[in-house]
Novice: 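Right, I'll just put the structure down here and ask away after.
Within every chain, numbering begins at 1; the chains are lettered A, B, ... in the order of the sequence lines, protein sequences first and strands thereafter. Values below: all heavy atoms of this structure, side chains included; hydrogens, waters and symmetry mates excluded.
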Amino acid sequence: MLLSKLVGERVKETPSDVKILSHSLLVRAGFIKAVANGIFSLTSPAQLMSLNIEAIIREEMNKIDGQEVKFPVVMPRELWESSGRYSTIGSEMARFKDRGGKDMLLGMTHEEASVHMVKNTVSSYAQLPCMIYQIQTKFRDEPRCRGGLIRVREFTMKDGYSFHMTDDDLSKYYDKCLEAYHNIFRRIGLKRFISVKSDTGMMGGSIAHEFMLLTDVGEDTLVLCDECGYKANMEVATSKRFGVDFGKNSAMEEVFTADAKDIDALTAYLNIEKTNTIKAVAFAVRGEDTLVVAFIRGDLEVNEAKLKKAVMKNIVPFDAENESELTAGNIGCIGLNSKNTLVVFDKSLEGAYNMVTGANKAEYHIKGVDVSRDVKPKEFVDIAKVKLGEACPICGKPLHLENGIEIGNIFQLGTKYTKSMNMTVLNDKGEAVYPTMGCYGIGVGRAIASIAQESNDEKGLILPMSVAPYRVHICALRIDEPLVKEKAFALYNELKSKGISALIDDRENVSNGVKFADADLMGMPIRVVVSPRGLQNGEMEVVKRSTLEKENVSAESVVARIETIIAEEMEKLK
RNA sequence: CGGGGUGUAGCGCAGUUGGUAGCGCGUAUGGUUCGGGACCAUAAGGCCGCGAGUUCGAGUCUCGCCACUCCGACCA
């Protein structure tokens, strides 16, 4: 590719609305251009990178017997009615009517389409297991996009779906997929990525893993133990909590607490520890006239994902202030009007006494509460967030927290979709059974952002050999001189003929500084400087972008040197 | 969904008490330079987000809308 003709402007300044490094670098290098909120165009370098990543994904998916297919982007309402998700999914799914007034939607995931494809086409156990996957555009109307390609509305995703006769078979295949994913992320050049146990959400599935890139700008919090290797998303993480001294047991008593409405104000007003308070957190249930009130020890926080699972309802944070009979700031577990209200108690309250809880009337709390004596909950459920410094649930060593970007996930779905869509297969006894499913996703655009986020220096991107749009960037200094032009293009053509992708900076009247700066910014793994100075000695300069080490190589052996570097770099990414 | 912020040349920004629009980068042309974002000269490029209102006069003041963006959505 001739740089002079490459569409995509490289700029010095970071646009003011850009907050994270990967976004800034991709914009500055001219790889992406925003079209609308959360919707981007990719210029050629980014698209080539995308294709390189997709090629690696295909190889690894095909290795585990994946069959590449293509589902439609636009689907009819009925297909999604059949799984029940047309109504349970909210406004993140884009819906529209076709010219005949029929309800249609844009695909945000393809479980329904995959079952539709396999149903009745696969009818015997002899045809299972099978895995179908596609690489395709998805649209999700995210409430809040951010971070350039990290969280967008339209994106390219590899999504795969496997079908099995038994959970055991699914589990075996799942492990193979776990390994394939590790291969993919390693091969595209990511380094600080891990797989963690994750939330299975409302799907009721059993096991799920997320692949996370560890980075400060990550949106997810991960709970990690260095000692035994425990790794979990905050949404499902558990911990061992240390015993708490509740002080002296006493009888219940109502106390005036004025306008102390939150835990900080309450502990300050009564001069007590947070561990002696019971926090109430209210949630609404989407689509139902029901509230969920969670009670938890005052020093802890409610983990929404765990609570969601505990009550099996789609809860959303709720503002008790204006629209309910709850007394905001004084909600308590004694005498709470529980009409249309589900109450959940966290495990931290098991055995707690000498506690302060809201009195369910303004300006009053109740102290001296002994939970098992005065409240007698039916059960205690773990709905608390893990805190830094708590102990690993496996080995008891201190846990630490890190942020991560989710770059892929795999999921044992079970029979949710095959049952709801009534897909059966005959087993070896001639009985109709529901196959069990797994699903497997990778965001391609997010992988590009992740590479940019992780692999860079103050000058720009450092692209891994396996995914770089061009492996070689030829900087032709003084290309107005015929010898430079001749040698630079000779190199360019030779690389092309050998199938080595190259970009040549053929711009005239552009200063050397600009050429170097652009090469640094765009981050191709190998740079070759062709200049009058070097050619005087019959040499060209070969520079590795990752280290910026320079070496002078005779013009005749440059291609051989490039081939060696490529081979070395690719070996590291095997 | 709640709360901020910002919309002026392709990009980054300035624009005073209201008086007919500016800087840097980039682009074009000519010239001098040229191994780390060169210099000189000249030029092109604007519905000042959109719509009302106040005013002799609005980029500037008022109201409404739209777009983009950041933060929050653990407050009991």
Side-chain angles (χ1 to χ4, degrees), chain A residues 8-20 23-24 27-28 30 33-39 90-91 143-148 257 259-266 277-284 286 291 293-296 298-305 307 315-324 326-333 336 346 356-365 383-385 459-460 475-481 484 505 507-521 527 529-536 539-541 543 548 550 552:
Chain A
E9 188 190 28
R10 289 154 302 281
V11 291
K12 264 192 267 190
E13 289 153 309
T14 297
S16 55
D17 52 5
V18 168
K19 278 288 174 297
I20 73 170
H23 187 190
S24 166
V27 169
R28 287 186 45 221
K33 189 166 178 176
V35 177
N37 182 17
I39 299 178
S91 47
R144 188 171 159 207
C145 307
R146 65 190 106 185
T257 48
D259 58 354
K261 280 174 179 286
D262 58 36
I263 296 295
D264 283 334
L266 187 65
T277 60
I278 299 175
K279 188 195 285 191
V281 187
F283 296 87
R286 184 180 282 166
L291 293 179
V293 176
F295 291 105
I296 189 167
D299 61 312
L300 301 173
E301 291 190 348
V302 171
N303 182 328
E304 237 177 271
L307 180 61
I315 55 170
V316 289
F318 177 69
D319 183 6
E321 202 72 55
N322 25 31
E323 23 179 340
S324 81
L326 296 174
T327 316
N330 298 81
I331 302 171
C333 48
L336 178 69
D346 182 62
V356 175
T357 187
N360 294 308
K361 66 177 185 184
E363 305 196 324
Y364 282 91
H365 281 77
I383 53 166
K385 263 191 189 171
K459 291 171 188 286
C475 278
L477 306 186
R478 298 301 308 273
I479 198 163
D480 54 309
E481 295 205 4
V484 172
D505 192 342
R507 295 174 295 176
E508 296 190 20
N509 294 315
V510 167
S511 76
N512 303 326
V514 170
K515 293 195 171 193
F516 287 133
D518 279 349
D520 289 335
L521 180 58
R527 179 189 318 163
V529 181
V530 182
S531 69
R533 200 174 78 184
L535 290 177
Q536 264 180 6
E539 289 177 337
M540 296 179 183
E541 182 183 275
V543 186
L548 293 177
K550 298 173 183 175
N552 290 315

Novice: For A38(B), what is the paired nucleotide under Watson-Crick or G-U wobble rules, both distances under 3.5 Å?
Specialist: U32(B)
Novice: Closest to the Ile331(A) side chain: G36(B), A76(B), G35(B)?
Specialist: A76(B)
Novice: At 4.0 Å (heavy atoms only), tell me whether Gly534(A) reaches a base, stays on the sugar-phosphate, or touches nothing.
Specialist: base
Novice: In whole Å, measure the gap between the C1' atoms of G26(B) and C11(B) for me.
Specialist: 7 Å
Novice: Provide, to the nearest angstrom, the distance between the CG atom belonging to Asp520(A) and the C1' atom belonging to G35(B).
Specialist: 13 Å
Novice: Would you say Asn303(A) and Ile383(A) make side-chain contact, with heavy atoms under 4.5 Å?
Specialist: no
Novice: Across all strands, who's sitting opposite G18(B) as a Watson-Crick or G-U wobble pair, both distances under 3.5 Å?
Specialist: none
Novice: Determine which nucleotide pairs with G2(B), using a 3.5 Å limit on both distances of a Watson-Crick or G-U wobble pair.
Specialist: C71(B)
Novice: Could you work out the separation of U60(B) and C48(B) based on their P atoms and round it to a whole Å?
Specialist: 10 Å
Novice: In whole Å, what separates the C1' atom of C34(B) from that of G45(B)?
Specialist: 29 Å
Novice: In terms of side-chain heavy atoms of Lys12(A), which of G37(B), G35(B), U69(B) is nearest?
Specialist: G37(B)
Novice: Is it true that Asp262(A) and Lys279(A) make a salt bridge, defined as a side-chain N closer than 4.0 Å to a carboxylate O?
Specialist: no
Novice: Classify Val11(A) by what it touches in the nucleic acid, base, sugar-phosphate, or nothing, heavy-atom distance under 4.0 Å.
Specialist: nothing
Novice: Provide the distance between the two C1' atoms, one in G64(B) and one in C23(B), to the nearest whole Å.
Specialist: 33 Å
Novice: I'd like to know if Glu9(A) reaches the base of G10(B) with its side chain, counting only an N/O donor and acceptor under 3.5 Å.
Specialist: no
Novice: Out of G35(B), G37(B), U33(B), which has the shortest distance to the side chain of Ser511(A)?
Specialist: G37(B)
Novice: Find the distance Leu521(A):CG to C25(B):P and express it as a whole number of Å.
Specialist: 19 Å
Novice: Specify the residue among Asp518(A) and Ile383(A) whose closest nucleotide of RNA chain B lies further upstream toward the 5′ end.
Specialist: Asp518(A)
Novice: Figure out the CZ/P separation between Phe283(A) and A76(B), and round it to whole Å.
Specialist: 11 Å
Novice: Hey, does the side-chain of Asn512(A) have a donor or acceptor N/O within less than 3.5 Å of a partner on the base of G37(B)?
Specialist: no
Novice: Between the base of G35(B) and the side chain of Ser531(A), is one N or O donor paired with an acceptor at under 3.5 angstrom?
Specialist: yes
Novice: Using the P atom as the reference point in each nucleotide, state the distance between A14(B) and U55(B) in Å, no decimals.
Specialist: 31 Å
Novice: Can you check whether Gly30(A)'s main-chain N or O pairs, donor with acceptor, with Arg10(A)'s side chain at less than 3.5 Å?
Specialist: no
Novice: I'd like to know if the side chain of Thr357(A) and the backbone of Cys333(A) have a donor-acceptor N/O pair within less than 3.5 Å.
Specialist: yes
Novice: Taking any strand in view, what nucleotide pairs with C23(B) in a Watson-Crick or G-U wobble way, both distances under 3.5 Å?
Specialist: G12(B)
Novice: For the pair Asn330(A) (side chain) and Tyr364(A) (backbone), establish whether a donor and an acceptor sit closer than 3.5 Å, ignoring hydrogens and angles.
Specialist: yes
Novice: On RNA chain B, check which nucleotide each of Gly332(A) and Phe516(A) is closest to and give me the residue with the more 5' one.
Specialist: Phe516(A)
Novice: Return the value, rounded to whole Å, for the distance between atom CZ of Arg478(A) and atom P of G36(B).
Specialist: 13 Å
Novice: Regarding Ile263(A), tell me which of base, sugar-phosphate or nothing describes its non-hydrogen contacts under 4.0 Å with the strands shown.
Specialist: sugar-phosphate
Novice: To the nearest 0.5 Å, tell me how far Leu300(A) CG sits from Ile278(A) CD1.
Specialist: 12.0 Å
Novice: Could you check whether Asp518(A) pairs with Arg507(A) (Lys NZ or Arg NE/NH1/NH2 to Asp/Glu carboxylate O, under 4.0 Å)?
Specialist: yes
Novice: Please tell me which of the listed nucleotides, G35(B), C75(B), G36(B), lies nearest to the side chain of Glu541(A)?
Specialist: G35(B)
Novice: What is the nucleic acid contact for Lys33(A), judged by heavy atoms within less than 4.0 Å: base, sugar-phosphate only, or nothing?
Specialist: nothing
Novice: Between C75(B) atom P and Phe295(A) atom CZ, what is the distance in whole Å?
Specialist: 17 Å
Novice: Can you measure Leu477(A) atom CG to U33(B) atom P for me and round it to whole angstrom units?
Specialist: 18 Å
Novice: Which is true for Asp480(A) with a 4.0 Å heavy-atom rule: it touches a base, it touches only sugar-phosphate, or it touches nothing?
Specialist: base
Novice: If only atom types and distance count, is the side chain of Lys515(A) paired as donor or acceptor with the main-chain N or O of Ala476(A) below 3.5 Å?
Specialist: yes
Novice: Hey, does Asn303(A) reach any base, or is it just sugar-phosphate, or nothing, if we go heavy atoms under 4.0 Å?
Specialist: base
Novice: Which of the following nucleotides, A76(B), A38(B), G35(B), is nearest to the side chain of Ala280(A)?
Specialist: A76(B)
Novice: Sticking with atom C1', work out how far G15(B) lies from U8(B), rounded to a whole angstrom.
Specialist: 9 Å
Novice: Does G46(B) have a Watson-Crick or wobble partner in any strand here, with both distances under 3.5 angstrom, and which is it?
Specialist: none
Novice: Identify whether any heavy atom of Arg527(A) sits under 4.0 Å from a base atom; if not, whether one sits that close to sugar-phosphate; answer base, sugar-phosphate or nothing.
Specialist: base
Novice: Roughly how many Å is it from CG in Asn509(A) to P in G31(B), rounded to a whole number?
Specialist: 10 Å
Novice: Measure the distance from CG on Leu291(A) to C1' on C75(B) and round it to the nearest whole Å.
Specialist: 14 Å
Novice: In whole angstrom, give me the gap between the P atoms of G22(B) and A44(B).
Specialist: 13 Å
Novice: Work out how far the P atom of U69(B) is from that of U27(B), and round it to whole angstrom.
Specialist: 27 Å
Novice: Tell me which nucleotide among G37(B), A76(B), G24(B) gets nearest to the side chain of Glu13(A).
Specialist: G24(B)
Novice: Only pairs with both distances under 3.5 Å count, Watson-Crick or wobble alike; so what is the partner of C61(B) in this structure?
Specialist: G53(B)
